[in-house]
Amino acid sequence: SLDRTGYLATVTGAIWGIQGRTFDNIDDKITIPRVSSLEPANSVWFGAWIKPTSINTEGIIDKPNTSHAPPYYSYELELTDNKAVASVAAGGVYDNLTGASDISTTAFTCLDILYDGANTYIYLNTVQDAVQAQTGAITYYNTELTIGNLRNNAYPLGGLIGEVWVNGSGSLAEIKRHYLATKWRFQ
């Protein structure tokens with residue numbers, strides 16, 4: 001199927017519904033072949049509206065390395081132990097950032113990850129949840145973008161993904177604008 005930007009996406013399972021796609025926590029995923037516009041060089045803003053049914057270790061967005069070795073991902077968002085975990089490989093260094101707040105399993109959460117060339121941030125519903133210093137250009141590999149799972153199918157999501165975005169840059173003002181423009185769909 002084509003997404004709203006015209007990228008050809010392959011949907012495996014992930015049933016479409018009123019508020020997005022439901023993932024079965026077994027093997028559902030959406031993949032988009034390598035596209036240069038999903039590989040911004042010096043900054044990236046990505047995220048998703050999610051409503052997981054459980055929170056173990058579950059993949060949301062995965063732009064991986066060609067092999068499962070450091071740096072494991074160009075950028076990645078997963079849920080681990082009830083927290084958002086963001087990863088960006090910048091300056092050739094792969095770093096994990098774990099959020100401080102628990103993710104709800106009863107309501108949608110808007111997760112935003114912003115890497116601005118100096119720091120990586122996690123925002124939950126526009127509130128900063130974690131930040132760490134990180135610099136350098138993002139390292140990319142000849143891999144597809146996976147939604148709702150990690151590329152190796154090791155961490156499938158159970159629950160809903162309402163919307164996913166990847167942009168070359170962002171700011172807190174843009175995160176808030178996007179949140180206010182889309183939250184009505186996920187109330």
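Side chains included, hydrogens not; waters and symmetry mates left out as well; all remaining heavy atoms used. Keep in mind that this is a model prediction, so the values were computed, not measured.
- Of the inter-residue distances, the one linking Ile32 atom CD1 with Thr10 atom OG1 reads 9.0 Å to the nearest 0.5 angstrom.
- Atom-to-atom distance recorded for Ile113:CD1 and Ile61:CD1 is 8.0 Å, nearest 0.5 angstrom.
- Residues passing the side-chain contact (heavy atoms from CB on, under 4.5 Å) test with Asn125, sequence neighbours excluded: Trp49, Thr109, Cys110, Tyr179.
- Shown here are the side-chain contact (heavy atoms from CB on, under 4.5 Å) partners of Ala130, two or more places apart in sequence or in another chain: Leu97, Ile122.
- Pairs passing the side-chain hydrogen bond (donor to acceptor under 3.5 Å, both in side chains) check and including a residue from residues 34-45, sequence neighbours excluded, read Tyr7-Ser37, Arg34-Glu39, Glu39-Lys63, Trp45-Asp112.
- With sequence neighbours excluded, no residue forms a side chain to side chain donor-acceptor pair (under 3.5 Å) with Thr53.
- Ile15 and Ile161 are assigned to two separate hydrophobic clusters, defined by single-linkage of ILVMFWY side chains at heavy-atom distances under 4.5 Å.
- Under the 4.5 Å side-chain contact rule for hydrophobic residues, Ile50 and Val166 share a cluster.
- Transitive grouping of hydrophobic side chains (ILVMFWY, heavy atoms separated by less than 4.5 Å) brings Leu77 and Ile103 into a common cluster.
- Listed by chain and residue number, Asp102 satisfy the salt bridge (Lys or Arg N to Asp or Glu O under 4.0 Å) test with Lys83 (two or more places apart in sequence, or in another chain).
- Taking CG of Leu157 as the start and OG1 of Thr146 as the end, the distance is 13.0 Å to the nearest 0.5 Å.
- Every pair passing ring pair (Phe, Tyr, Trp, His ring centres under 6.0 Å) that includes a residue from residues 102-134 is listed here, sequence neighbours excluded: Phe108-Phe186, Tyr121-Tyr123.
- Applying the 4.5 Å side-chain rule to ILVMFWY residues, one finds Tyr72, Tyr94, Leu150, Tyr155 in the same cluster as Tyr73.
- The closest side-chain heavy-atom distance from Lys183 to His178 is not below 4.5 Å.
- Glu58 contributes a side-chain N or O that, together with a main-chain N or O of Gly158, makes up a donor-acceptor pair within less than 3.5 Å.
- Here the OG1-CG distance, from Thr98 to Leu79, works out to 11.0 Å after rounding to the nearest 0.5 Å.
- Minimum heavy-atom separation, Ser87 to Phe46: O-CZ, 4.3 Å.
- Closest non-hydrogen pair, Leu124 versus Ser101, comes out as CD1-CB, 3.6 Å.
- For Thr120, the side chain to side chain donor-acceptor pair (under 3.5 Å) partners are Gln134, not counting sequence neighbours.
- In terms of modelled atom types and a separation under 3.5 Å, the side chain of Asp129 and the main chain of Ala100 share a donor-acceptor contact.
- Under a cut-off of 6.0 angstrom, the local environment of CG in Leu180 is crowded, with over 12 non-hydrogen atoms contributed by other residues, nucleotides or ligands.
- The hydrophobic cluster around Val127 extends to none of the other residues, as no ILVMFWY side-chain heavy atom falls under 4.5 Å of it.
- With a 4.5 Å cut-off on side-chain heavy atoms, Lys51 and Thr105 do not count as touching.
- Hydrophobic clustering keeps Leu145 apart from Tyr141 (ILVMFWY residues linked when any side-chain heavy atoms are closer than 4.5 Å, directly or through intermediates).
- Within the 4.5 Å cutoff, no side-chain heavy atoms of Asp62 are placed close to those of Asn149.
- The salt bridge (charged side-chain N to carboxylate O under 4.0 Å, His left out) pairs that include a residue from residues 164-180 number zero, where partners must be two or more places apart or lie in different chains.
- Among all heavy-atom pairs drawn from Pro40 and Val44, the shortest one is CG-CG2, 3.6 Å.
- When every heavy atom of Ala48 is checked against every heavy atom of Val164, the shortest pair comes out as CB-CG2, 4.0 Å.
- Asp27 meets the side-chain contact (heavy atoms from CB on, under 4.5 Å) test with Asp24; sequence neighbours excluded.
- Distance check, rounded to the nearest 0.5 Å: OG1 of Thr66 to CG of Asn142 gives 8.0 Å.
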Could you please spell out the steps behind the side chain to side chain contact (heavy atoms under 4.5 Å, CB included) verdict for Thr182 and Trp184?
-> CA-CA 6 Å; Thr182 58; Trp184 64 272; 5.5 Å; no
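- Remark: the backbone N or O of Gly117 is not paired with any side-chain donor or acceptor of Thr135 at under 3.5 angstrom.
- The two residues Ser54 and Asn25 have their closest heavy-atom pair at OG-OD1, 4.5 Å.
- For the pair Arg21/Val11, a side-chain contact is recorded, criterion being any heavy-atom separation below 4.5 Å from C-beta on.
- To the nearest 0.5 Å, the span separating CG on Asn96 from OG1 on Thr80 amounts to 8.0 Å.
- Here the shortest heavy-atom pairing between Ile30 and Ala9 reads CG2-CB, 3.9 Å.
- With sequence neighbours excluded, no residue forms a salt bridge (Lys or Arg N to Asp or Glu O under 4.0 Å) with Asp95.
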